[in-house]
Student: 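Okay, here's the structure, questions in a sec.
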Amino acid sequence: QVQLVEAGGGLVQAGGSLRLSCAASGRIFSPYAMGWFRQAPGKEREFVGGMSENGGNTYYADSVKGRFAVSRDNALNTMYLQMNSLQPEDTAVYYCAASSRAPYFAVPRDQRMYAYWGQGTQVTVSS
């Protein structure tokens, strides 16, 4: 089992930045592909970005490409989501997730590939 805890959410003005963190505990962190998802009010949860198990590949949703960046520090068992140029449409609850089912070079975008989820952290962007 892997336990994931997100932190770093909050209220920010449009154009601002936030960095989310996702701390993992339990089983070894490094063999998992990691992803960030978000869910806005009244909408389905959607993929934001992620990193492959081997750390060599990242993938982002078109809506955040060029603004968000995923990184991970396996020594600290922590993943990060750096969010820049935030817009009101980025307002959502952000979740991190871990997948043990993907090839080591792949970044799963389907949330069904992720077995472990954090509790989420709220990000609110004011206009």
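Quick caveat: nothing in here was measured; it's all calculated off a predicted structure. Starting from 1, each residue takes its place in the sequence as its number. The analysis underlying the following values was restricted to heavy atoms, covering all of them including side chains, and did not include hydrogens, waters or symmetry mates.
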Student: Look up atom CG in L18 and atom OG1 in T124, then write down how far apart they are to the nearest 0.5 Å.
Tutor: 9.5 Å

Student: Show every disulfide bond (SG atoms under 2.5 Å apart) that has at least one partner inside residues 98-127, sequence neighbours left out.
Tutor: none

Student: Among pairs that include at least one residue of residues 46-86, which meet ring-ring contact (aromatic ring centres under 6.0 Å, His included), considering only residues two or more places apart or in two chains?
Tutor: F37-F47

Student: Could you list the residues that satisfy side-chain hydrogen bond (donor to acceptor under 3.5 Å, both in side chains) with R101, not counting sequence neighbours?
Tutor: none

Student: Hey, could you give me the CG/CZ distance between L81 and R72, rounded to the nearest 0.5 Å?
Tutor: 14.0 Å

Student: Does the D73 side chain pair with the main chain of L76, one donor and one acceptor, at a distance under 3.5 Å?
Tutor: yes

Student: Suppose we screen for side-chain hydrogen bond (donor to acceptor under 3.5 Å, both in side chains). Which residues come up paired with Q39, at least two apart in sequence or across chains?
Tutor: none

Student: If a pair satisfies disulfide bond (SG atoms under 2.5 Å apart) and one of its residues is in residues 68-116, list it, with sequence neighbours excluded.
Tutor: C22-C96

Student: Give me the other members of the hydrophobic cluster that V5 sits in, counting Ile, Leu, Val, Met, Phe, Trp and Tyr linked by side-chain heavy atoms under 4.5 Å, directly or via other members.
Tutor: none

Student: Should D90 and M83 count as side-chain neighbours, where that means a heavy-atom distance under 4.5 Å?
Tutor: no

Student: Treating T78 as the side-chain partner and A23 as the backbone partner, does any N or O pair qualify as donor plus acceptor under 3.5 Å?
Tutor: no

Student: With sequence neighbours left out, which residue pairs that include part of residues 12-21 fulfil the side chain to side chain donor-acceptor pair (under 3.5 Å) condition?
Tutor: S17-N84

Student: According to ring-ring contact (aromatic ring centres under 6.0 Å, His included), does anything in residues 82-113 pair up with another residue at least two apart or in another chain? List the pairs.
Tutor: none

Student: Output every pair passing salt bridge (Lys or Arg N to Asp or Glu O under 4.0 Å) with a member in residues 102-119, not counting sequence neighbours, ordered by first then second residue.
Tutor: D110-R112

Student: Salt bridge (Lys or Arg N to Asp or Glu O under 4.0 Å): which pairs involve residues 3-15, sequence neighbours left out?
Tutor: none

Student: Is W36 reachable from Y116 through a run of I, L, V, M, F, W or Y residues, each pair having side-chain heavy atoms under 4.5 Å apart?
Tutor: yes

Student: Looking at P108 and A106, what are the two nearest heavy atoms and their distance?
Tutor: CD-O, 3.6 Å

Student: Which residues pass the side-chain contact (heavy atoms from CB on, under 4.5 Å) test with S85, not counting sequence neighbours?
Tutor: R67

Student: Could you state the interatomic distance from OH (Y114) to CG (L4), rounded to the nearest 0.5 Å?
Tutor: 11.5 Å

Student: OG of S126 to CD of Q87: how many Å apart, nearest 0.5 Å?
Tutor: 10.5 Å

Student: Could you note down all residue pairs passing side chain to side chain donor-acceptor pair (under 3.5 Å) where residues 40-52 supplies at least one of them, sequence neighbours left out?
Tutor: R38-E46, R45-Q111, S52-N54

Student: Locate the shortest heavy-atom distance separating Q122 from A92; write the atom from each residue and the value.
Tutor: NE2-O, 3.5 Å

Student: Decide whether V93 and V48 are clustered together by the hydrophobic rule: side chain heavy atoms of Ile, Leu, Val, Met, Phe, Trp, Tyr closer than 4.5 Å, transitively.
Tutor: no

Student: Taking V123 as the fixed residue, which of T91, L20, L11 is the one that meets the side-chain contact (heavy atoms from CB on, under 4.5 Å) rule?
Tutor: L20

